[in-house]
Amino acid sequence: GLVNFHALDLNGQGTDASVVYAIYGSIMLKTIYNIRVLNISLGRPVYESYTKDPLCQAVEAAWKAGIVVVVAAGNDGRDNTAGTNGYGTIDAPGNDPYVITVGAMNAMGTPVRNDDIMTTYSSKGPTPIDHIVKPDLVAPGNQVVSLQASSTATLVVANPGNIPLASYYKTNAPPTQLSSKYFTLSGTSMAAPVVSGAAALLLQQNPTLTPDQVKARLMRNAYKVFPQTSTIVSDGQTFVVQYDVFTVGAGYLDIQAALADTSLSTLPAQSPAVAYDPVTGSVYFVNNSSALWGDRKSVV
């Protein structure tokens, strides 16, 4: 079942306090409702280290309480105001190394994977201040059709033309009448729940898995066959997307592969930090022998 916690208002706005209350609500009710996965499709700019940020501290508390926390990476991949081509734009609390941070792929409206490309708007790492490698995974997040709640009227008005076509007609209605019960949106907030669903399937298969084991299994089995770059023309602009670790993380969600993997990692699955070597001009993973990916060295 699903348990909803009131973090944002009808306009999709909230405060750190409202989100923190919702997260701690899930922790308090974890045992009563058997809450195992927490999806957080929201974010705000990073203002301080994750070690001090109240949102990050809250998601870490949920993680340590045994809840798999999945967070949207953010939708600032086109932001070049800092001259970084969208790099360093991960939102909080997606900048926390514990949680599973998800970027958005474009499934191109087909069921096959070989034509999927990275979206231009998906936020990229490394995270501001702490330089954590994010996102951890990418998942389908473009033009996603889902149910439209009656409380989302403001969202509908702000996004005209997003009522889906074809297969979402009202029951027994002629094709000219489209259903008002579905809505189409794009963003990492749409991609994160896909990973949350995958985490739920893993826990359904093996309820003893820890959040770290779920994260490790999803990342280890992610699909990693990408082109070096893809060029996308959108809104009259041309974007060249590179498929590097700060854009796609460990790769594209592969639920089937994750379910087929029965290995159980014993080390923490915290996302690694990176540092820059001005002498060689390279970026490298900061060594952390106590973490699952501690033996990885060079990034670029």
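Just so it is clear, the structure is predicted and the values come from calculations on it, not from any experiment. What you see below is based on every heavy atom in this structure, not just the backbone, and it leaves out hydrogens, waters and symmetry mates.
Here the side chains of Lys134 and Val99 are in contact, with some heavy-atom distance below 4.5 Å. No side-chain heavy atom of Ser26 sits under 4.5 Å from any side-chain heavy atom of Tyr24. Residues Val144 and Leu185 form no side-chain contact, since every pair of their non-hydrogen atoms from C-beta on lies 4.5 Å or further apart. With contacts defined as side-chain heavy-atom distances shorter than 4.5 Å, the pair Phe246/Val133 qualifies. Annotation: side chain of Pro140 is not in contact with side chain of Met108 (no heavy-atom distance under 4.5 Å). Residues Tyr121 and Ser186 are in side-chain contact: their nearest non-hydrogen atoms beyond the backbone lie under 4.5 Å apart. Residues Ile129 and Tyr47 fail the side-chain proximity criterion, which asks for heavy atoms closer than 4.5 Å. Side-chain contact between Val274 and Tyr284: absent, with no pair of heavy atoms (C-beta onward) separated by less than 4.5 Å.
Met28 and Val37 end up in different hydrophobic clusters when Ile, Leu, Val, Met, Phe, Trp and Tyr side chains are linked at under 4.5 Å. The hydrophobic cluster containing Leu55 does not contain Val46, counting ILVMFWY residues as joined when their side-chain heavy atoms lie under 4.5 angstrom apart, directly or transitively. Residues Val3 and Ile27 fall within the same hydrophobic cluster, defined by Ile, Leu, Val, Met, Phe, Trp and Tyr side chains chained together at heavy-atom separations under 4.5 Å. Side-chain heavy atoms closer than 4.5 Å link hydrophobic residues (I, L, V, M, F, W, Y) into clusters, and following such links, even through other members, never connects Val245 to Val225.
The nearest pair of heavy atoms linking Ser123 to Pro135 is O-CD, 4.2 Å. Counting all heavy atoms, side chain and backbone alike, Asp212 lies closest to Ala269 at OD1-N, 2.8 Å. When all heavy atoms of Ala7 and Leu42 are compared, the pair lying nearest together is CB-CD2, 4.3 Å. Considering all non-hydrogen atoms of both residues, Ala104 and Val138 come closest at N-CG1, 4.5 Å. In terms of heavy atoms, Ala191 sits closest to Ala139 at CB-O, 3.4 Å.
Residues meeting the side chain to side chain contact (heavy atoms under 4.5 Å, CB included) test with Ser18, sequence neighbours left out: Thr15. Not counting sequence neighbours, the partners of Arg78 by the salt bridge (charged side-chain N to carboxylate O under 4.0 Å, His left out) test are Asp235. Considering only residues two or more places apart in sequence or on other chains, Asp16 meets the salt bridge (charged side-chain N to carboxylate O under 4.0 Å, His left out) condition with Arg44. Contacts of Lys64 classified as salt bridge (charged side-chain N to carboxylate O under 4.0 Å, His left out), with partners at least two apart in sequence or in another chain: Glu60. The side-chain hydrogen bond (donor to acceptor under 3.5 Å, both in side chains) check on Asn75 picks up Thr188, with sequence neighbours excluded. When the side-chain hydrogen bond (donor to acceptor under 3.5 Å, both in side chains) test is applied to Tyr87, the partners found at least two apart in sequence or on another chain are Asp244. In this structure, the ring pair (Phe, Tyr, Trp, His ring centres under 6.0 Å) partners of Tyr243, at least two apart in sequence or on a different chain, are Phe226.
Considering CE of Met105 and CG of Leu253, their distance stands at 11.0 Å, rounded to 0.5 Å. Atom CG of Asn39 is separated from atom CZ of Phe5 by 12.5 Å, given to the nearest 0.5 angstrom. Atom-to-atom distance recorded for Leu29:CG and Asn34:CG is 12.0 Å, nearest 0.5 angstrom. The CD1 atom of Ile232 sits 9.5 Å away from atom OG1 of Thr238, with the distance rounded to the nearest 0.5 Å. To the nearest 0.5 angstrom, Ser282 atom OG is 5.0 Å from Asp277 atom CG. With rounding to the nearest 0.5 Å, the separation of CG in Asn85 from CG in Asn80 is 4.5 Å.
When atom types are taken as modelled, the side chain of Arg36 and the backbone of Val68 share no donor-acceptor pair closer than 3.5 angstrom. Between the Gln143 side chain and the Asn106 main chain, no donor and acceptor come within less than 3.5 Å of each other. Under a 3.5 Å cut-off, the side chain of Asp53 and the backbone N or O of Ser49 do not form any donor-acceptor pair. At least one donor-acceptor pair under 3.5 Å links the side chain of Gln213 to the backbone N or O of Thr210. A distance-only check finds a donor-acceptor pair linking the side chain of Ser189 to the backbone of Ser41 [under 3.5 Å]. A donor-acceptor pair under 3.5 Å is formed between the side chain of Lys215 and the backbone N or O of Tyr98. Gln228 contributes no side-chain N or O that, together with a main-chain N or O of Gln242, makes up a donor-acceptor pair within less than 3.5 Å.
Between Val241 and the options Val248, Thr229, Thr231, Thr247, a side chain to side chain contact (heavy atoms under 4.5 Å, CB included) holds for only Thr247. Of the candidates Pro54, Cys56, Pro128, Glu48 forms a side chain to side chain contact (heavy atoms under 4.5 Å, CB included) with just one, namely Pro54. Val70 pairs with exactly one of Thr101, Val195, Leu38 by the side chain to side chain contact (heavy atoms under 4.5 Å, CB included) rule, that one being Val195.
For residues 192-204, the set of pairs meeting the salt bridge (Lys or Arg N to Asp or Glu O under 4.0 Å) definition, not counting sequence neighbours, is empty. Here salt bridge (Lys or Arg N to Asp or Glu O under 4.0 Å) pairs that include residues 81-95, with residues two or more places apart or in two chains, number zero. The list of salt bridge (Lys or Arg N to Asp or Glu O under 4.0 Å) pairs with a residue in residues 105-132, not counting sequence neighbours, reads Arg113-Asp254. Listed by first and then second residue, the salt bridge (Lys or Arg N to Asp or Glu O under 4.0 Å) pairs that reach into residues 195-206 come to none, sequence neighbours excluded.
The number of heavy atoms from other shown groups lying within 6.0 Å of OH (Tyr21) does not exceed 12. No more than 12 heavy atoms of other residues, nucleotides or ligands sit less than 6.0 Å from atom OH of Tyr33.
Checked by atom type, the side-chain pair Ser271/Asp136 shows a donor-acceptor distance below 3.5 Å. Inspection of the Ser263 and Arg220 side chains reveals an N or O donor paired with an N or O acceptor under 3.5 Å. At a cut-off of 3.5 Å, with distance as the only test, a side-chain donor of Thr81 or Asp79 sits close to an acceptor on the other residue. Side-chain polar atoms of Thr89 and Asp76 form no donor-acceptor pair below 3.5 angstrom.
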Distance-only check: which donor-acceptor pairs under 3.5 Å involve side-chain atoms of residues 199-207, not counting sequence neighbours?
residue: Gln205; atom: NE2; partner: Leu259; partner atom: O; Å: 3.0
residue: Asn206; atom: OD1; partner: Thr208; partner atom: N; Å: 3.1
residue: Asn206; atom: OD1; partner: Thr208; partner atom: OG1; Å: 2.6

Worked verdict on Thr127 versus Asn95 for side chain to side chain donor-acceptor pair (under 3.5 Å): CA-CA 6 Å; Thr127 67; Asn95 61 316; 5.4 Å; no
Q. Would Asn142 and Met190 satisfy side chain to side chain contact (heavy atoms under 4.5 Å, CB included), going step by step from the backbone distance to the final call?
A. CA-CA 7 Å; Asn142 202 70; Met190 285 74 245; over 6 Å; no
